Amino acid sequence: MSAQPEPTPEVAWHGEAVTIGDVLNALNGIRRKFALADAGDEEHPHARNFVMTLVAVATSAVDERRAQRAFMAIAAHHPSLAIVVCQEPKVRSGRIDASITTHLLNPSSPDPAHCELVSLHVPGAAGEHLAALVDPLLLSGVPTYLWWLDTPPFGTKELSDALRICDALVVDSSRFDRPYHSFLGLADLALGSHNHMGVASFQWARLAPWRELIAQFFEPKERRTFMAGIAELGIDYVGDGRGNRIGAALLIGWFASALGWKLERAVGGAGGVGVAHFTVAGGRQLEVAFRSVPKSHLAQGEITAVRIAGASGGSTFRLSVQRDPERQYQVSADARPQEFLHRHHTGGEDDAGLEVAQRKAAQHREVVMRNREALHHTATGHLPGGPAYTSTVLARERRRAENPLVLLTMIDIGGAETLRHVQRVQAEDEATLLLELLSTGGRDVVYGRSLAAAAELIRAL
Amino acid sequence: MTEGAGANPLAEGLHDYRVADPLVMVIFGATGDLSGRKLLPAIYNLAKQRLLPAGFSIVGAAIDDLTEDAFRKHAADVITKFSRTQPVDADVLHTFLDEVFYIKVDFSKLDDFKALQRKVDELDHARHAGGNRVYYCATPPPTYETITEQLKDAGVTSSAGFHRIVVEKPFGSDLKSARELTQILQRVFHEDSVFRIDHYLGKETVQNILAFRFANSLFEPVWNANFIDSVQITAAEEIGVELRGAYYERAGALRDIVQNHALQLVALVAMEPPTAFDATAVRDEKVKVLRAIRPILDADLAKATVRGQYAKGWVLGEQVVGYREEHAVAPGSLTETFAALRLFVDNWRWANVPFYIRVGKRMPKRATEIRVQFKRPPHMTFDAAKDLDPNAITLRIQPEEGISLRFGAKVPSAGLRLRNVAMDFTYMSSFLVETPEAYERLLLDCMIGDPTLFTRADEVEAAWTFIDPIEAAWRDDRPPLTMYASGTWGSAAAERLIQADGREWHRP
């Protein structure tokens with residue numbers, strides 16, 4: 001977000017144990033007052049110019065504040081209506097506590113703009129009657145986005161009712177509880193959603209710098225043929241457990257869906273090592289390896305490196321993109337115990353370490369291929385055929401405050417010297433990422449197909 | 001994106017992904033004002049938006065005897081001062097400066113250009129730039145010929161890859177000099193590789209004129225002489241000539257603004273739908289409009305043109321001096337700082353629709369806008385509607401970029417009273433993205449090789465063909481120069497020009 005100061009909020013109305021009808025009456029009164037404020041007889045009333053309605057569902061006071069902060073930052077530039085729904089313990093049936101906060105943008109301008117933040121504290125689970133709760137408050141003619149800050153109740157009637165009143169659902173799949181199952185729930189939802197509803201995720205938005213750098217490498221005309229010559233793809237990520245593979249799977253799904261790779265089989269081994277086999281154009285086989293590496297400063301599931309190598313037209317090529325290559329890290333205050341973060345050591349960050357890691361990965365693959373049945377036990381600790389493993393990775397540890405990215409790209413083409421290029425990507429706060437997702441209307445066909453391909457891969461592991 | 005290579009499947013869906021091939025950009029005049037205020041900050045912001053590829057590098061070339069480190073410090077200083085995004089990100093800047101190099105070049109010395117070639121070749125090899133070069137002439141127009149010839153003689157333009165040259169307006173000072181400039185550039189560069197930059201065309205709101213007209217079915221059916229009464233184009237600045245007095249004495253408002261910015265806006269408003277949004281189709285349609293502008297004959301000069309010069313007055317609450325008291329301006333100067341014109345586009349669509357152009361300095365405020373005024377309804381059903389202003393669409397180019405539509409509405413009451421109301425769209429409040437700086441867009445277009453928003457040689461020539469006779473008459477003091485007080489909307493003669501047609505200037 002730019003440096004423009006956020007608007008100063010003014011609590012315009014507050015009510016306890018009220019109905020949505022009361023909230024609507026209060027809103028109408030506030031809008032009428034704004035329209036007539038400072039408008040002389042010869043002037044037009046101030047026009048209400050909203051660009052969207054953002055409905056945010058929070059299940060805790062912390063999430064409620066997150067939603068309000070993000071909205072305030074966006075509202076500094078874009079007049080809009082936000083309805084933040086926060087669940088409360090069931091103490092009064094059928095009644096809600098509500099407040100309306102207004103913000104005046106460009107107050108000195110002849111056409112000041114106006115934002116509204118409606119906070120609703122509802123008894124019981126926020127999603128139970130969400131559609132009925134917010135529908136009367138929605139604005140006609142502007143898009144409605146539903147931002148579910150926690151894990152949406154995938155597969156429930158409540159969620160599908162809520163989705164009927166919105167144009168796009170925004171989630172952060174890296175914050176999901178039970179990430180494995182929730183991610184598959186998200187993929188099923190995206191697959192089954194009607195054409196006009198978008199599904200967007202912060203986790204996908206955070207992969208954009210990686211996708212850009214990789215796409216840029218293949219951009220020059222003379223390098224386009226390299227895409228068909230990819231022989232190796234490796235992805236490193238942080239954290240154990242299948243829920244932490246989602247970011248890597250999304251990136252692999254992106255490659256596969258963009259380049260027409262067909263998944264043949266995939267296996268996952270202990271310690272976050274996995275391998276997927278694809279058939280690519282011309283019937284050639286391609287092996288994609290991914291593995292967990294320890295990076296104490298990063299949140300679980302973050303991508304740390306992508307390596308691509310191959311040959312085409314008589315020339316070899318190698319692209320390596322590494323995150324934070326030489327940085328001395330400060331472990332943030334909410335970092336998990338070191339023994340948890342460093343459970344699986346696969347080598348360092350330099351090329352020598354990578355070679356060690358690659359040999360380990362190869363050993364894992366061999367084991368996996370010899371005895372796939374035992375793999376489930378190895379990876380999850382459960383007996384083969386036993387109950388499904390449930391990830392217990394906690395959301396708090398899987399999403400930290402946004403860090404700036406430093407991406408080191410190394411390019412080798414033929415025998416020429418290695419080009420090193422450092423890309424510094426500014427830390428993007430939640431409001432900035434949300435703005436990016438909303439600026440496309442929450443619809444991204446590439447995300448949709450990458451999500452589907454990632455889910456296929458995750459299921460196959 | 002690479003020309004002719006088809007879409008990059010990995011680029012699909014990437015928000016605002018437009019990336020050039022690796023290249024070396026040489027900026028001539030790299031220590032000058034344009035480079036410092038506009039180019040380096042714009043390129044830094046491209047880097048910040050991750051729009052520059054691995055392998056991109058800048059070579060600053062100027063007469064100053066600087067070390068590479070000294071030039072990098074200069075670059076850091078100007079970026080910190082002039083970047084549109086503030087505060088400047090120290091990490092991004094640090095990384096960006098790793099891609100910035102410098103070499104002293106005396107434009108008159110061939111050996112300096114040979115040294116430049118060696119430096120660029122070394123960088124190219126180390127950074128996989130594929131022989132791709134962009135030469136940006138951030139220098140006065142008289143140097144273009146020397147630079148171009150020296151590049152050719154030093155063999156700089158002979159490597160594999162693309163070679164493009166960027167030149168800044170003015171593109172000549174009349175038709176003859178414009179043609180000479182084109183010939184000079186085309187001796188070394190193909191016309192497709194010549195990028196004549198007019199930063200107005202890089203503004204989002206200017207580009208949006210085409211989107212507004214051709215991406216909507218609502219407006220185009222009424223965008224013609226059957227429904228439109230007149231078009232007004234205003235380009236007003238509150239500032240005076242500041243330190244550009246010497247240049248302005250030679251140029252004047254007609255050559256400085258009307259010949260390029262204003263006529264480009266006329267072309268965009270009046271052009272037929274292009275078959276595609278590509279360089280050839282768009283520029284073909286624009287040049288047709290410019291060629292269709294009816295020449296203003298000698299006999300019509302007094303009725304159709306007004307030239308004015310600002311006298312002292314008050315602007316934005318401050319007293320300011322008149323033009324003749326400005327630095328480097330002759331005390332008896334007859335140079336115009338204000339121009340008003342009425343012109344016609346002689347084609348089927350615009351038959352007899354007047355286009356009024358008004359440009360000037362030291363006006364009450366900075367405002368550029370296009371106002372399309374519609375005809376009144378053929379029959380007045382409501383008596384009360386007689387006092388209504390006609391419908392109008394105003395395209396605000398700057399500031400408060402946006403579009404407003406004026407129409408009549410019934411005032412809520414028992415009687416039938418009508419009043420003008422406006423439907424207003426503003427960029428700032430309607431889009432969830434920030435507007436980039438025009439130079440960022442144009443520099444990236446040039447690196448990518450997309451000349452759609454750059455002026456083609458035939459457009460420049462068509463514009464000068466219209467302007468030259470007016471300019472010649474004005475040099476003969478026909479019509480006489482009129483004075484206007486600073487802080488007003490021009491001289492009374494400009495009011496009379498439009499009032500003679502029964503119309504009034506719209507106040508932006």
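Every value quoted in this text rests on a predicted model; they were computed, and no experiment measured them. A note on names: the letters A, B, ... follow the listed sequences, proteins ahead of strands, and every chain is numbered from 1.
Every residue two or more places apart in sequence or in another chain that forms a side-chain contact (heavy atoms from CB on, under 4.5 Å) with B/Phe101 is listed here: B/Ser57, B/Val59, B/Glu68, B/Arg72, B/Lys119, B/Leu123. Under the ring pair (Phe, Tyr, Trp, His ring centres under 6.0 Å) criterion, B/Tyr44 pairs with no residue, sequence neighbours left out.
For the set A/Ala205, A/Ala258, A/Gly260, the entry with the most heavy-atom pairs within less than 4.5 Å of chain B is A/Ala258. Your options are B/Asn132, B/Leu52, B/Asp98, B/Thr95, and the one with the most heavy-atom pairs under 4.5 Å with chain A is B/Thr95. The most heavy-atom pairs under 4.5 Å with chain A, out of B/His128, B/Glu99, B/His94, B/Gln49, come from B/His128.
Annotation: side chain of B/Glu12 is in contact with side chain of A/Arg449 (closest heavy-atom distance under 4.5 Å). Looking at heavy atoms from C-beta onward, B/Asn8 lies in side-chain contact with A/Arg224 at the 4.5 angstrom threshold. Contact of the A/Trp254 side chain with the B/Leu10 side chain is registered, since non-hydrogen atoms from C-beta on lie closer than 4.5 Å. In this structure, the side chains of B/Pro9 and A/Met227 come closer than 4.5 Å at one or more pairs of heavy atoms.
Annotation for B/Ala11 and A/Glu219: closest pair CB-OE1, 4.3 Å, computed over non-hydrogen atoms. Minimum heavy-atom separation, A/Gln423 to B/Ala47: OE1-O, 4.1 Å. Nearest heavy atoms, B/Leu14 versus A/Ala215: CD1-CB, 3.9 Å. Of all the heavy atoms in A/Ile411 and B/Ala54, the pair that sits closest is CD1-CB, 4.0 Å.
For chain B, the nearby parts of A/Val422 are the backbone and the side chain; heavy atoms of each come within less than 4.5 Å. For chain B, the nearby part of A/Leu259 is the side chain; its heavy atoms alone come within less than 4.5 Å.
Without hydrogens or angle criteria, A/Gln216 side chain to B/Arg50 main chain gives a donor-acceptor distance under 3.5 Å.
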B/Lys48 vs A/Arg424, test: side-chain contact (heavy atoms from CB on, under 4.5 Å). Steps then yes/no.
CA-CA 8 Å; B/Lys48 189 176 170 187; A/Arg424 291 181 190 274; over 6 Å; no
